Amino acid sequence: AAIASGASDPVPANNSDSANISLSALASVSADITTAPGQIPYGTAAVFNASIGNAGPSVAANVTLVLLLDRGVPDVGVISASGWTCGAPVVESEVTRVTCLRASMPVTSDSFVVTVPASYLATGRSVALTTSISTETNDDATDNNDTVSLQPEPANDLSVAVPAPKPLVREAAATVR
């Protein structure tokens with residue numbers, strides 16, 4: 001900024017000044033998981049829908065999304081939104097991790113679908129999906145990740161009854177004299 005006057009100034013060196021202001025980008029990335037309500041019918045795959053968002057106001061740089069299943073599922077299915085690259089599932093200690101990356105995420109919302117095949121639910125044990133999202137851009141809310149658990153319906157309780165066997169009788173011929 002500079003100032004001038006029509007009057008004579010005895011110290012003209014103090015009539016201007018400058019300052020640099022550094023503004024940093026700010027993004028607010030989040031993950032929210034939804035599922036169909038109720039139990040998963042027996043023999044049906046578990047389907048999770050994940051909504052990944054950036055509420056801005058800036059573009060989020062180098063966004064990392066981690067999808068974590070509490071079961072070892074090497075063939076989990078992940079359908080990602082355009083612009084994301086997801087690695088292959090990694091199973092360690094009965095936990096499955098899929099890491100997805102996006103170099104630049106504008107203020108938007110993206111959808112993911114995560115599918116656990118029915119064969120992994122045959123035991124009747126629940127399955128949980130946890131998301132964790134981060135960015136190199138300043139994020140004012142880092143606690144907005146999500147976890148959802150699905151419980152499969154129990155298998156039909158079938159039983160089989162086997163009748164007791166009849167006693168075996170050994171037949172022998174008797175000779176009378």
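All heavy atoms count here, side chains included; hydrogens, waters and symmetry mates do not. Note that the structure is predicted; figures quoted are calculated from it, not measured.
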Approximate separation, where rounding is to 0.5 Å, of Asn49 CG and Thr115 OG1: 8.5 Å
Trp84 and Ile52, any side-chain heavy atoms less than 4.5 Å apart: yes
Nearest atoms (heavy-atom pairs only) where Ala27 meets Asn54: CB-OD1, 3.6 Å
Heavy-atom closest contact (Tyr120 atom, Pro74 atom, distance): OH-CD, 3.3 Å
Cys100 to Leu67 - nearest heavy-atom pair and separation: SG-CD1, 4.3 Å
Minimum heavy-atom distance Val76-Pro89, with the two atoms named: CG1-CG, 3.6 Å
Step-by-step side chain to side chain contact (heavy atoms under 4.5 Å, CB included) determination, Asp70 to Val127: CA-CA 6 Å; Asp70 67 344; Val127 61; 3.8 Å; yes
Validation row: Ser51, Phe112 side chains within 4.5 angstrom (heavy atoms): no
Non-hydrogen atoms of Leu101 and Thr64 that approach each other most closely: CD2-OG1, 3.5 Å
Cluster link Val47 to Ile79, ILVMFWY, side chain under 4.5 Å: yes
Flag side-chain contact, heavy atom, 4.5 Å: Thr131 against Ile33: yes
In one Ile/Leu/Val/Met/Phe/Trp/Tyr side-chain cluster, 4.5 Å: Val78, Met105: yes
Heavy-atom side-chain proximity of Arg97 to Val66 below 4.5 angstrom: yes
Minimum-distance pair of heavy atoms, taken over all atoms of Val95 and Leu69: CG1-O, 3.3 Å
4.5 Å side-chain heavy-atom contact, Pro117 and Asp75: yes
